[in-house]
Protein chains: 2
Amino acid sequence: MPETCPHNSAISCGNCRLGSICLPLALETDDVVKLDEIVQRGRPLQKNEHLYREGDHFTSVYAVRSGAIKAYRLTGDGQEQVTGFYFPGEIIGMDGISKDQYACSAKALETSAVCEIPFNRLEELSTQVPSMQRHFFQLMSQEITSDQQLITLLSKNSAEERIASLLISISARNARRKLSRTHFRLPMSRTDIGNFLGLTVETVSRVISRFNKQGLIAVENKEVTLLDLEGLKAVANVASDS
Amino acid sequence: MPETCPHNSAISCGNCRLGSICLPLALETDDVVKLDEIVQRGRPLQKNEHLYREGDHFTSVYAVRSGAIKAYRLTGDGQEQVTGFYFPGEIIGMDGISKDQYACSAKALETSAVCEIPFNRLEELSTQVPSMQRHFFQLMSQEITSDQQLITLLSKNSAEERIASLLISISARNARRKLSRTHFRLPMSRTDIGNFLGLTVETVSRVISRFNKQGLIAVENKEVTLLDLEGLKAVANVASDS
DNA sequence: CGCCTGGTTGAGAATCATCAACATCTGTGG
DNA sequence: CCACAGATGTTGATGATTCTCAACCAGGCG
């Protein structure tokens, strides 16, 4: 068996715990080595540091290794629309491909580490390794469907349903990483939550307080415990398995 | 010069007027021939006929040739969320890639013709023709950014702003096809518009009536004339060039 | 002709935004 | 280590936008 990472003995896609939910998902061992050769791992981002900004020349997509990143765009009148929160194992930056410049800004919500994947290298690799191409098509398609879920949420659901859905989504993404499904720290501010869900800070705060009083969750600042996951799912109006 | 389409003398990507805004955009002449070989053109869809349904096994993406298609998904409680309207030259079905089944249903709003592009053939072609791969990545990325624009619209904008934005978007897409920027027929119902923009039929109807009274547009059933495009853009809160 | 779908208009109700005051947390410097 | 300032979060009162319910109108098709 070959050395899993030829240029960095500490970290590699081959030994990354996130591999199962990140890029290498569908790859053969030697293809993972090829991926490893193009992935660049820089210094960590400090809280509030930008990974890239709206309008920057598009060069790379990024896999989040640790921490949390928010993607947002500014509206004409300077308001912030958060388009997504990205947790370890998730890929950010695919919106930049179409115009060769990023359509969103990406900012660290806490100290975070990312793996940079230069897109032209990824394109090359994709022509050589069909399963790589397939996997990347799937990742982009996944981004489309998750955006469409958010569209539905914004279009049809009440403030309570939106916030319950967000909590459930974070819980599910935690579970994928083998972390607690019921207890976690929200890396984003209430304002960010509002800007994501199309609500004001006040409404976010009120709904969270209400969930707390109702015994659905226990909140202390950013620490959240989901006390009644089934109850929350009922509030969110989602089928029990999602 | 080779025969542009080896298997269908009437229609081919090579002679299609929509080529400049559809798939072949960035292709060399002989690559267009390769694309032509995999594109399938079936009988037209009648109004209300489905191209595919949510949950169907994913096989192909489709380029709209004529008419108009709406994509929609059903919420848990049976409501309809329209995720997009697709006009000639636009590609539909990319949401199906991630799970190998369509995440939306697609239904003809009027008699429509589509070009079916079997995805596994497209994948093969993409490994052989890098510009094809690149172009398809760009199309998917475009879908992501347009979904994100819709997210912003739903999250931050009033009923008037949403409807003005939709009219402007249709106008701009008409212009791309060298059709009138100011006069067109809305292929979708008021209900569809509401389900797309997160509004009720009544609100849609009221806002359109108001625009009519204000002299911004002239409406007669589905026929719309944009009388004051600049005024509409002001209402929509968008920069004048979009 | 009458029915049914789709669209319009009106009145009242509900949700969420706005404005405002206050509380709490964070981190910085004395 | 404490004190303070600014940012962040909470709670309350009020109001606006949009939804809901309902009636009515117009057009298409059997």
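All values derive from a computational prediction rather than experimental measurement. A note on names: the letters A, B, ... follow the listed sequences, proteins ahead of strands, and every chain is numbered from 1. No hydrogens, no waters, no symmetry mates; every other heavy atom, side chains included, goes into these values.
The CD atom of A/Glu202 sits 10 Å away from the C1' atom of D/dT11 (whole-angstrom rounding). As a whole-Å value, the separation of B/Glu220 CD from D/dA26 P is 13 Å. Atom CG of A/Asn157 is separated from atom P of D/dT18 by 18 Å (rounded to the nearest Å). Atom CZ of A/Arg190 is separated from atom C1' of C/dT24 by 12 Å (rounded to the nearest Å). For A/Leu199 and C/dT15, the CG to P distance is 14 Å, given to the nearest whole Å. One can place NZ of B/Lys222 at 10 Å from C1' of C/dG7, the figure rounded to the nearest angstrom. To the nearest angstrom, P of C/dT26 lies 14 Å from CD of A/Glu110. Across the protein-nucleic acid pair, A/Asn48 atom CG and D/dG6 atom C1' stand 14 Å apart, rounded to whole Å.
Taking OG1 of B/Thr83 as the reference point, atom CG of B/Asn195 lies at 11.0 Å (rounded to 0.5 Å).
At most 12 heavy atoms of other shown residues, nucleotides or ligands fall within 6.0 angstrom of atom NZ in A/Lys99.
Classification of the A/Tyr72-A/His50 ring pair by plane angle, with boundaries at 30° and 60°, yields tilted. Between B/Tyr52 and B/Tyr102, the two ring planes are parallel [angle under 30°; tilted spans 30° to 60°].
Contact annotation for A/Asn221: backbone-only contact, meaning every heavy-atom pair under 4.0 Å involves sugar-phosphate atoms and none involves a base. Looking at heavy-atom distances under 4.0 Å, A/Gly194 makes no contact with the nucleic acid at all. Contact annotation for A/Thr200: base contact, defined as any heavy-atom pair under 4.0 Å involving a base atom.
Contact annotation: A/Thr203 side-chain N/O to C/dT15 OP1/OP2 distance is not under 4.0 Å. One finds a side-chain N or O of A/Ser209 lying less than 4.0 angstrom from the OP1 or OP2 phosphate oxygen of D/dT11.
If you check distances only, the side chain of A/Glu160 never reaches the base of C/dC16 with a donor-acceptor pair under 3.5 Å. For B/Arg206 against D/dT20, a side-chain-to-base donor-acceptor contact under 3.5 Å is present.
Between the side chain of B/Ser171 and the main chain of B/Leu167, no donor-acceptor pair closer than 3.5 Å is present.
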